[in-house]
Amino acid sequence: MKERTCCGTIDKKDIDNDILLQGWVDARRDHGELLFIHLRDWTGIVQVVFQETESKELFEQSRDLREEFCITITGRVVMRQAGTENPSLTTGDVEVMASSLTLLNAARQLPFQISEKAMTVGASISTPANVAEDLRLQYRYLDLRRPSIQQNLKTRHRMIKKARELLDEHGFIEIETPSLTRSTPEGARDYIVPSRVHESAFYALPQSPQLFKQLLMISGMERYYQVARCFRDEDLRPNRQPEFTQLDIEAAFVDENFICGLIEKIIIRMFMEAGISLPHPFPKISHTDAIATTGSDRPDLRFGLRFIHATDLFARTSYSIFQQVLKRGGHIIGINVKGQSEALSKNVLQNEYARHVVPGFGGKGMTWMRVADGKLDSNIVQFFSDSEQSAIIERFRCEDGDVLMIVADPSYEMTTRVLGQLRLHVAHRLGLVPENTWRPVWVTDFPLFDPTDDGGVTSTHHPFTSPDRTDFDPTDTHDLLQLKSRAYDIVINGEELGGGSIRIDNYKTQEKIFTALGLSQKDIDEKFGFFINALEYGAPPHGGIALGIDRMVSMALGTASIRDVIAFPKNRSAFCPLTRAPSVVSHAQLDELGLLNTGSPEKTTQTDEKSLLDTLSWVSRIGVGDDEHPVMEQAVDEAQALARQVLSQKCDDDPVFSAIQIENRTRPGKSPVEHPAAADGGLLAHAPAIKGDFFKVANIIE
Ligand code: ASP
C-alpha cells in the first residue's frame with residue numbers, strides 16, 4: 001500500500017506529487033463536468049477534483065459520493081487556479097486532481113450536517129450549536145467527526161500530557177487505584193455495584209481516590225498522581241457529569257506551599273498549551289476575606305465591585321428597615337457600581353432589582369441610591385440624616401454617576417451570599433467582566449466544618465482534611481465550627497478548578513473528626529477501620545490535591561459546556577443517548593446477583609414501558625382512571641413491599657412470623673368477643689408447636 005498522506009498537511013511542497021489520501025467526504029459540489037469534494041481526515045481538509053475529461057469512468061464513480069462516505073483517493077497535487085483559493089482551508093492554495101477512487105464504506109443519510117467548512121468563500125457553515133444536543137450525543141461518533149470537537153479532544157490530550165510531563169519531572173509516578181471499592185466520602189451519593197460472588201454485598205465506585213492515595217503515602221510511595229475517573233451521584237446541574245476526570249495528586253513530607261507551588265506550575269503549563277498565559281504567582285485569599293469582599297468562596301476577581309461594609313454607619317439610623325436588621329444583630333453591606341447610573345435607572349433598580357432580582361436570590365430586598373450633583377438620590381434618602389448621608393458618600397467613595405446597591409439582613413451568611421450573587425449579576429449585565437482575562441486565586445483557611453440543619457456539623461471538604469489545631473472537643477459544636485482547615489482551593493475566574501489539603505496523619509485526630517461528624521465507634525470501625533489501622537503504622541505527614549480536568553479544559557477552550565471536551569458524555573439528565581444507559585436489566589441478571597430479595601426490584605425488572613399497575617389492571621380487566629392512579633400505585637407498592645418482606649423472612653430459626661401487624665378488628669362500635677377456648681388454652685391444644693401466645697403453622701410460602 002502506498003504511504004498515506006494526511007489531508008491537512010498538503011501544501012506547495014507537494015506540488016506535482018502523486019499522493020494517496022484516505023478520509024471522509026466532508027462536502028461535495030457537482031459542476032456538471034467537474035466534481036469537487038472536500039476530503040477530511042483528522043489533520044484537516046483538502047479539495048479533490050474529478051474531471052469528466054480525464055476519466056469518464058472515474059468521474060461517474062465520483063458522482064455517487066455522498067457526505068461522510070469513507071474513501072481512498074490517489075491523485076496529483078496542483079496549485080489552484082488564481083482566484084479560486086479558499087482562505088478558510090489551511091490547504092486552500094492547492095488541490096488534488098484525482099486519478100483513482102476506492103469506496104471503503106458508504107454512509108447513510110446523515111442525522112445532521114457534519115461539515116464545518118464551506119466549499120466556497122462566504123457560504124454559511126454548520127456549527128454544533130445548531131443541532132439539538134441529545135441528537136449530537138445519540139450520534140456522538142458523527143459529532144466527533146467535526147474538526148472543532150476533535151480539536152477539543154486533541155487539546156485536552158496535550159494539556160494532560162503537559163501535566164504528566166511536569167509531574168514526572170518532579171519525581172511523581174502514575175499509579176492506578178481501584179474502581180470497585182468502598183465508599184470514599186466526598187459529600188455525594190455513591191454509585192454502587194452489586195457483587196455476584198458476595199451475595200447482598202456491594203462495591204462503591206470511587207467518589208475520588210482519596211483513601212487509596214493516602215494509603216499510598218503510608219506505603220511510602222511518596223509522590224503519586226493519577227488521571228482518575230471519579231463517580232458522584234449528585235443532583236443534576238448543567239455542567240455536572242456523574243463521572244468525571246480528576247488529576248489526582250498526593251505527596252508525603254510536604255506542606256501547603258509545596259503543593260500550591262507545584263500546582264501553579266502545572267496549571268500554567270496546561271493553560272499555555274491552550275494558548276493562555278496565566279498571570280502568576282497566583283495570589284492567596286482567605287475564605288473569610290473572600291466572603292467579606294465578594295460573598296463567594298469562588299471569588300471572580302476579573303472585575304471590582306468589592307463589598308463595602310457599612311453596618312457601623314447606621315447605628316442610630318431612623319430608616320426602619322435598617323433599624324430592624326440592626327436590632328437583630330444584622331449586617332449592612334453594599335457595592336458601588338461606578339459610573340453606571342445611566343444603565344441603572346430608578347425604574348430598573350426599584351422594579352427589577354429590588355422587586356425581583358434580589359428576592360430571586362433569597363434576599364428580602366435591596367436598598368439603592370444613585371449619586372448626582374454630589375448628593376445621594378433614591379426613594380429612601382430622606383430617611384437618612386445629613387451626617388449619615390455624608391458618611392455613606394465617604395465610605396462608598398461616591399462620585400457622580402455611581403449607583404449604590406445595599407443588602408441588609410440579620411444573617412451575615414445571607415447578606416454576603418445575596419450581595420455576592422447580585423455582584424455577579426450586575427457585572428455580567430453591564431458587561432463589566434473583561435474577556436480573555438484570567439484571574440487565578442488560591443482560597444485558603446476554610447472552616448473545617450459547616451453546620452448542619454440538625455445542629456451537627458459536616459466536613460467542608462472531606463473528613464481527612466487536617467484541622468489547624470487538634471485540641472478540639474469533638475462533641476462541642478461551637479468549638480468545632482471555630483476550627484479552620486489546612487485546605488486550599490484553586491479558583492480561576494470564579495470557577496473552582498480543584499482543591500486539596502494537608503491531611504490528618506494521626507489516627508487519634510482522625511477518630512476525633514469522625515466522632516465530630518456523628519459516627520459511632522461501630523460506624524468508624526466498620527467504614528474506616530482499615531484506614532485508621534493504616535494510620536497507626538507510622539504515617540508520614542502528607543497532602544495533595546485534585547484538579548478537575550474536564551472543567552479546566554473547558555475553561556481554557558472556552559466551550560459552552562464540559563460535555564464538549566468529553567468524548568462520550570452523559571446529557572444533562574445523566575443519560576447517555578448513544579448507548580441508552582442507564583437501562584433496565586433482566587430479572588435473570590438481578591436474580592443472579594442475588595438482588596431480588598434485597599433491593600427494590602419492582603422498578604428495575606420491568607422490561608417494557610408498562611407499569612406494574614397497568615399490567616395488573618389489564619390482566620384483571622379493571623380500568624384505572626388517571627385520578628385513581630396514584631392511590632392504586634401506592635397500594636400496589638405496599639403490596640409488593642409486603643410480598644418482599646414475606647419472601648425475605650427466614651422462618652427457620654423463629655417459628656413465629658407475622659408479615660403484618662396483628663390486631664383484632666371489629667365493626668365500629670363493637671368490642672371484641674373472646675372465645676372461651678382462647679382463654680382456657682383449648683384453642684392451642686392441638687397446635688404442633690407453641691411459642692408465647694402463638695402457634696406454628698406449616699410453612700406455606702417458599
Ligand atoms: N479528594 C479530593 C476531591 O476529590 C481532593 C483532595 O483532597 O485531594 O475533591
Side-chain angles (χ1 to χ4, degrees), residues 163 167 172 174-179 181-191 204-218 221-234 237 239-252 254-264 266-267 287 297-298 442-450 458-468 484-491 495-505 510 513 517 528 531 535 539-552 562:
L167 283 159
F172 283 77
E174 190 165 6
I175 305 177
E176 288 150 275
T177 55
S179 291
T181 176
R182 268 196 98 96
S183 181
T184 35
E186 292 280 358
R189 280 184 212 93
D190 288 322
Y191 282 100
L205 297 179
Q207 292 186 34
S208 83
Q210 186 63 36
L211 288 175
F212 286 107
K213 67 174 170 173
Q214 290 193 239
L215 289 171
L216 283 170
M217 294 309 109
I218 298 170
M221 299 300 298
E222 293 185 25
R223 293 188 175 193
Y224 142 98
Y225 81 93
Q226 180 179 195
V227 178
R229 192 61 63 83
C230 303
F231 306 84
R232 297 185 191 176
D233 187 1
E234 290 180 284
R237 288 221 201 122
N239 243 355
R240 216 176 239 178
Q241 287 281 307
E243 58 178 305
F244 57 93
T245 309
Q246 282 190 345
L247 179 60
D248 198 53
I249 296 171
E250 197 78 10
V254 297
D255 61 9
E256 290 88 331
N257 289 336
F258 173 88
I259 300 287
C260 293
L262 173 77
I263 294 307
E264 213 158 298
I266 293 178
I267 294 180
H287 177 265
D297 56 5
R298 292 178 276 118
W442 287 106
V443 182
T444 61
D445 303 293
F446 284 83
L448 186 72
F449 293 114
D450 289 326
T458 174
S459 294
T460 307
H461 283 84
H462 54 59
F464 314 103
T465 308
S466 182
D468 58 345
K484 296 266 185 260
S485 71
R486 294 181 65 187
Y488 30 78
D489 277 2
I490 179 67
V491 174
E495 252 200 82
E496 183 201 323
L497 293 187
S501 56
I502 298 302
R503 323 298 184 185
I504 296 165
D505 55 43
Q510 187 64 71
I513 294 287
L517 290 167
F528 301 109
F531 183 65
L535 284 176
H542 60 287
I545 194 164
L547 300 175
I549 299 265
D550 309 307
R551 279 209 200 160
M552 187 142 60
I562 58 168

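We count ligands from 1, going down the list as the structure has it; atoms in each ligand are counted the same way.
Using a 4.0 Å cut-off between heavy atoms, Gln214 makes no contact with ligand 1 at all. Proximity of Gln207 to ligand 1, defined as any heavy-atom pair under 4.0 Å, is not found for any part of the residue. Contact annotation: for Ser208 versus ligand 1, heavy atoms closer than 4.0 Å belong to the side chain alone.
Paired with Leu448 under the rule side-chain contact (heavy atoms from CB on, under 4.5 Å), one option of Pro467, Ser459, Ser466, Pro463 passes, and it is Pro467.
Residue Ala546 approaches ligand 1 through these ligand atoms, each under 4.0 Å from one of its heavy atoms: 5 (C), 8 (O). Heavy-atom proximity to Gly500, at under 4.0 Å, picks out these atoms of ligand 1: 6 (C), 7 (O). Which parts of ligand 1 touch Ile545 is read off a 4.0 Å heavy-atom cut-off, strictly below it: atoms 8 (O).
Glu496 has no carboxylate O lying under 4.0 Å from a charged side-chain N of Arg298, or vice versa, which leaves the two without a salt bridge.
Using a 4.5 Å heavy-atom cutoff, the side chains of Arg503 and Gln210 are in contact.
Distance CD/Gln510 to CZ/Phe528: 8.0 Å, rounded to 0.5 Å. Note that the SG atom of Cys260 and the CH2 atom of Trp442 stand 4.0 Å from one another [nearest 0.5 Å].
Side-chain atoms of Asp489 and His287 include no donor-acceptor pair closer than 3.5 Å. Under 3.5 Å, the side chains of Gln226 and Thr177 contain a donor-acceptor pair of N or O atoms.
Distances from atom 6 (C) of ligand 1 to the heavy atoms of Gln246, His461, Gln210, Glu186 put Gln210 nearest.
Counting only heavy atoms of the protein, atom 5 (C) of ligand 1 lies nearest to Gly499 O, 3.3 Å.
Proximity of a side-chain donor or acceptor of Asp550 to a complementary backbone N or O of Ile562 within less than 3.5 Å is not detected.
In this structure, Arg232 has a heavy atom closer than 4.0 Å to ligand 1. Taking 4.0 Å as the cut-off, Lys213 counts as a neighbour of ligand 1 on heavy-atom distance.
At a 3.5 angstrom cut-off on N or O pairs, Arg503 counts as close to ligand 1. For ligand 1, the polar-atom distance check against His462 finds a nitrogen or oxygen pair separated by under 3.5 Å.
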